[in-house]
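To start, the structure under review is shown below, and the notes come after it.
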Number of protein chains: 2
Amino acid sequence: MLTDSYKERSLVFKALAHPSRLFIVDKLTAGECCVCEFVNELKVDFSTVSKHLSVLKNAGLISDEKRGQQVFYRLQMHCVGEFNRCIDNFLSRRGNDQKVCLKCCAVGETE
Amino acid sequence: MLTDSYKERSLVFKALAHPSRLFIVDKLTAGECCVCEFVNELKVDFSTVSKHLSVLKNAGLISDEKRGQQVFYRLQMHCVGEFNRCIDNFLSRRGNDQKVCLKCCAVGETE
DNA sequence: TGGTTATTTGGTAAAATTACCAAATATTAG
DNA sequence: CTAATATTTGGTAATTTTACCAAATAACCA
């Protein structure tokens with residue numbers, strides 16, 4: 001049955017389901033960053049970045065700490081990096097040799 | 001910078017960002033299932049399940065095979081199981097002191 | 001004190017997602 | 001062939017997400 005734990009888990013995936021937020025998470029695997037760093041690199045509005053960060057924070061993926069005028073964000077769920085590598089491997093494997101690889105991995109690729 | 005690979009990766013997370021689809025993926029880790037099995041357990045419309053399955057399939061997470069009148073689905077990205085366990089651990093570890101409010105996670109809201 | 005910098009919050013319109021219904025398709029049974 | 005079963009597709013309304021702007025807040029500096 002569809003328990004609440006699926007809903008909770010889906011919040012984590014929802015939080016990660018945006019290119020900008022994946023970029024943020026990737027960057028945080030190398031260490032903490034302040035908000036302005038994301039703004040500079042993502043080239044979107046400060047408020048947009050702030051809202052992306054709050055989505056990640058509400059899902060528990062990152063935490064924040066204010067130091068002076070700046071707010072620094074830090075990764076909390078470290079296993080996401082491993083899954084990201086898995087996805088990238090999966091996607092590139094499929095990208096290089098799409099049909100064949102899918103057939104060697106399993107049966108019945110339609111479409 | 002925000003490359004296309006982030007967008008591609010986000011499609012995988014988007015595909016997983018729904019309780020019903022997480023349920024489907026979980027069930028498929030135990031082996032292939034036909035569509036009607038999901039319909040029975042999720043208690044939603046056949047068409048709804050079918051669309052959830054097509055989202056997962058388009059993201060490359062699952063594959064399908066028609067046998068007779070039935071269509072059987074099978075998990076393709078197996079590492080998702082490991083990440084799910086990581087999330088569940090993370091959530092339950094945090095659950096003791098800091099409960100996540102399921103309703104508080106919309107964009108733009110803070111704790 | 002007032003001004004500047006860093007960030008968050010509120011509002012809003014456009015875009016995406018969701019779930020249902022009805023209809024279409026495909027396979028098997030009679 | 002026609003009917004029945006299993007699934008997908010198209011349409012649609014309700015909900016959610018997104019990105020921007022403007023305004024609010026908070027910390028620091030002159």
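Quick note on labels: first sequence line is chain A, next is B, and so on, each numbered from 1.
Partners of A:C33 by disulfide bond (SG atoms under 2.5 Å apart), not counting sequence neighbours: none found. Contacts of B:R21 classified as side chain to side chain donor-acceptor pair (under 3.5 Å), with partners at least two apart in sequence or in another chain: B:H52. Applying the side-chain contact (heavy atoms from CB on, under 4.5 Å) test to B:N89 and every residue at least two apart in sequence or in another chain returns B:R93. Every residue two or more places apart in sequence or in another chain that forms a ring pair (Phe, Tyr, Trp, His ring centres under 6.0 Å) with B:F83 is listed here: A:F13, A:F83. Under the side-chain contact (heavy atoms from CB on, under 4.5 Å) criterion, B:D26 pairs with A:Y6, A:R9, B:N84, not counting sequence neighbours.
The nearest whole Å value for the distance from the NZ atom in B:K43 to the P atom in C:dC20 is 13 Å. Rounded to whole Å, atom C1' of D:dT17 lies 15 Å from atom CG of B:L11. Between the NZ atom of A:K7 and the P atom of D:dT16 there is a distance of 9 Å, given to the nearest Å. To the nearest angstrom, P of D:dT16 lies 16 Å from NZ of B:K14. A:F13 places its CZ atom 17 Å from the P atom of C:dT17, with the value rounded to the nearest Å. Across the protein-nucleic acid pair, B:D64 atom CG and D:dT9 atom C1' stand 15 Å apart, rounded to whole Å. Atoms CG (A:N40) and C1' (C:dT5) sit 13 Å apart, rounded to a whole Å. Atoms CD (B:E65) and P (D:dT8) sit 13 Å apart, rounded to a whole Å.
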Quiz: residues 34-41 of chain A side-chain donor-acceptor pairs under 3.5 angstrom, not counting sequence neighbours:
from  : atom 1 : to    : atom 2 : distance (Å)
A:E37 : OE2    : A:C34 : N      : 3.2
A:N40 : ND2    : A:C36 : O      : 3.3
A:E41 : OE2    : A:K27 : NZ     : 2.8

Show which side-chain atoms of residues 69-79 of chain A pair as donor or acceptor with protein atoms under 3.5 Å away, not counting sequence neighbours.
from  : atom 1 : to    : atom 2 : distance (Å)
A:R74 : NH2    : A:E32 : OE1    : 2.9
A:Q76 : NE2    : A:S63 : OG     : 2.7

Counting only pairs under 3.5 Å, give me each side-chain donor-acceptor contact of residues 42-50 of chain B, with atom names and distances, residues two or more places apart or in other chains.
from  : atom 1 : to    : atom 2 : distance (Å)
B:D45 : OD2    : B:S47 : N      : 3.0
B:D45 : OD2    : B:S47 : OG     : 2.6

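Nearest heavy atom pair, residue B:P19 against residue A:L2, reads O-CD1, 3.5 Å.
Within residues 44-53 of chain B, the residues approaching DNA chain C are B:V44, B:D45, B:S47, B:T48, B:K51, B:H52, by heavy-atom distance under 4.0 Å. Using a 4.0 Å cutoff on non-hydrogen atoms, the parts of residues 15-39 of chain B near DNA chain D are B:C34, B:V35, B:C36, ordered by number.
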Just by protein heavy atoms under 4.0 Å, how would nucleotides 24-30 of chain C read 5' to 3' in B, S and -? --SBS--
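In this structure, A:Y73 does not reach the C:dA6 phosphate: none of its side-chain N or O atoms is under 4.0 Å from OP1 or OP2.
Under a hydrophobic clustering in which Ile, Leu, Val, Met, Phe, Trp and Tyr are joined whenever their side-chain heavy atoms come within less than 4.5 Å, directly or via other members, B:V55 and B:L53 fall into different clusters.
Applying the side chain to side chain donor-acceptor pair (under 3.5 Å) test to residues at least two apart or on different chains, none of the pairs has a partner in residues 11-20 of chain B.
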